[in-house]
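Computed from a predicted structure; not experimentally measured. Because only heavy atoms are used, hydrogens play no part in the values below, and waters and symmetry mates are left out as well, while side chains stay in. All ligand and atom numbering here is 1-based and tracks the order in the structure.
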Amino acid sequence: MKIGFIGLGNMGAPMAETLAKAGHHVTGYDMATVTVNGVSTARTAAEACDGAEVVIMMLPNGDILRAVAAQVIPAMQSGAVLLDCSTVDVDSARAVADDAVAAGLLALDAPVSGGIGGAADGTLTFMVGGTEKAYKIALPLFEIMGRKSVLCGPSGNGQAAKICNNMILGATMIATCEAFALADKLGLDRQSMFDVVSTSSGNSWSMSTYCPAPGIGPNSPSDNDYTPGFAADLMLKDLRLSQQAAAACDADTPMGLAAMELYRDFVETEGGTGRDFSAMLPRFEARGRS
Ligand code: NAD
């Protein structure tokens with residue numbers, strides 16, 4: 001397939017490289033000077049779309065997505081698929097999809113989970129919004145870049161699934177970390193805490209797969225001095241998106257709000273920026289109730 005790829009950052013570069021390695025013709029563009037193995041470099045976003053059957057975007061936020069889409073949509077050939085893998089607000093995802101469809105294109109929003117490691121080894125999960133027709137065209141690409149893709153409904157529903165998932169993740173990570181800090185103060189050792197909770201009703205992915213306590217459970221960023229992994233800054237971004245969406249549709253999400261506020265304080269005033277999101281454990285460990 002002939003593929004355009006806009007946004008060759010931490011995620012986009014390895015995704016584009018994986019597609020090129022699988023034999024696709026990938027032309028990339030990034031506003032920074034980036035070279036990616038096997039990927040030809042275009043001078044503009046529009047040039048990267050020339051003759052492309054699918055144009056993938058992997059960009060930082062909704063405003064940048066809207067600006068790039070405005071350049072890319074007129075440059076795409078009719079019937080091609082505009083595939084946005086960035087994590088952005090639901091409104092931007094739906095607005096870009098509407099513009100693409102109005103211009104005779106197919107559109108998918110397909111944010112990912114799996115992080116930089118998943119992008120490098122082709123094991124991402126894609127949460128997809130859009131039509132069955134567009135999904136079928138993009139499916140072979142999802143299968144190369146990822147291990148799983150789920151079509152969640154019309155445009156914007158991929159972003160909706162992503163922010164709901166990450167709202168649960170943020171809240172369960174905080175609950176797991178504060179419970180470890182409480183267990184410490186009660187004199188319960190961390191290995192016993194892990195052995196009980198990971199096989200009991202308090203278990204979650206945050207405990208059993210990504211345990212925030214160093215030296216306990218499977219290898220995770222806590223074993224590497226909380227080097228991300230999944231940075232607290234990115235968790236804060238996703239929690240803000242979920243609160244923005246909740247406000248827009250009048251959904252009551254008190255746990256998501258509390259998680260957003262805790263990660264906001266952690267990132268903005270407590271030295272959490274650049275640390276893994278599981279570094280909430282040393283944060284709670286160092287504090288008392290007030
Ligand atoms: P990044 O900042 O490393 O990459 C974004 C790239 O977009 C940069 O290279 C930047 O130069 C480029 N860019 C910005 N504006 C542009 C423009 N106008 N035209 C062309 N290029 C432009 O970010 P990332 O970590 O690769 O994340 C990309 C997206 O994936 C984000 O939406 C993020 O929330 C999401 N995401 C990231 C992770 C992760 O672990 N890094 C995990 C899941 C989802």
Side-chain angles (χ1 to χ4, degrees), residues 4-18 27-36 39 41-49 55-73 75 82-93 96 108-129 142 145-149 158-167 169-170 173 210 220-221 224 226-242 244-245 263 267 273-278:
F5 207 115
I6 322 284
L8 302 168
N10 290 321
M11 296 292 290
M15 290 163 72
E17 185 173 345
T18 302
T27 303
Y29 172 74
D30 194 289
M31 63 186 281
T33 310
V34 189
T35 46
V36 180
V39 174
T41 308
R43 281 164 305 174
T44 62
E47 189 182 299
C49 306
V55 173
I56 304 176
M57 297 183 290
M58 196 51 169
L59 296 162
N61 61 48
D63 289 342
I64 294 175
L65 171 72
R66 286 175 191 247
V68 170
Q71 298 163 39
V72 160
I73 289 170
L82 184 62
L83 169 54
D84 174 36
C85 293
S86 329
T87 303
V88 301
D89 57 286
V90 176
D91 287 349
S92 293
V96 164
L108 294 171
D109 55 289
V112 303
S113 88
I116 299 166
D121 57 20
T123 56
L124 295 169
T125 296
F126 291 86
M127 297 148 247
V128 191
F142 293 142
M145 295 186 285
R147 201 159 36 196
K148 188 167 178 62
S149 63
Q159 300 294 348
K162 164 94 187 177
I163 58 176
C164 288
N165 180 73
N166 281 18
M167 190 171 80
L169 176 61
M173 179 55 81
Y210 206 93
S220 71
N224 192 20
Y226 297 100
T227 303
F230 186 48
D233 314 63
L234 285 174
M235 174 50 83
L236 175 60
K237 171 189 171 177
D238 293 355
L239 289 169
R240 281 188 163 133
L241 290 174
S242 62
Q244 189 184 332
Y263 275 105
V267 166
T273 189
R275 304 194 83 195
D276 190 74
F277 84 117
S278 61

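No donor-acceptor distance shorter than 3.5 angstrom exists from the side chain of D276 to the backbone of P221, with no hydrogens or angles considered. Without hydrogens or angle criteria, K237 side chain to P60 main chain gives a donor-acceptor distance under 3.5 Å. For the pair N166 (side chain) and L169 (backbone), a donor-acceptor distance under 3.5 Å is absent.
Shown here are the side-chain hydrogen bond (donor to acceptor under 3.5 Å, both in side chains) partners of S242, two or more places apart in sequence or in another chain: there are none. Considering only residues two or more places apart in sequence or on other chains, F277 meets the ring pair (Phe, Tyr, Trp, His ring centres under 6.0 Å) condition with Y210, F230. In terms of the side-chain hydrogen bond (donor to acceptor under 3.5 Å, both in side chains) criterion, T125 has no residue partners (sequence neighbours excluded).
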For ligand 1, list every N/O pair with the protein closer than 3.5 Å, one pair per line with the distance.
{"residue": "ligand 1", "atom": "3 (O)", "partner": "N10", "partner atom": "N", "Å": "2.9"}
{"residue": "ligand 1", "atom": "3 (O)", "partner": "N10", "partner atom": "ND2", "Å": "3.2"}
{"residue": "ligand 1", "atom": "9 (O)", "partner": "D30", "partner atom": "OD1", "Å": "3.3"}
{"residue": "ligand 1", "atom": "9 (O)", "partner": "D30", "partner atom": "OD2", "Å": "2.6"}
{"residue": "ligand 1", "atom": "11 (O)", "partner": "D30", "partner atom": "OD1", "Å": "2.6"}
{"residue": "ligand 1", "atom": "21 (N)", "partner": "M31", "partner atom": "N", "Å": "3.3"}
{"residue": "ligand 1", "atom": "26 (O)", "partner": "N10", "partner atom": "N", "Å": "3.3"}
{"residue": "ligand 1", "atom": "26 (O)", "partner": "M11", "partner atom": "N", "Å": "2.8"}
{"residue": "ligand 1", "atom": "32 (O)", "partner": "L59", "partner atom": "O", "Å": "2.8"}
{"residue": "ligand 1", "atom": "32 (O)", "partner": "T87", "partner atom": "N", "Å": "2.9"}
{"residue": "ligand 1", "atom": "32 (O)", "partner": "T87", "partner atom": "O", "Å": "3.4"}
{"residue": "ligand 1", "atom": "32 (O)", "partner": "K237", "partner atom": "NZ", "Å": "2.9"}
{"residue": "ligand 1", "atom": "34 (O)", "partner": "K237", "partner atom": "NZ", "Å": "2.8"}

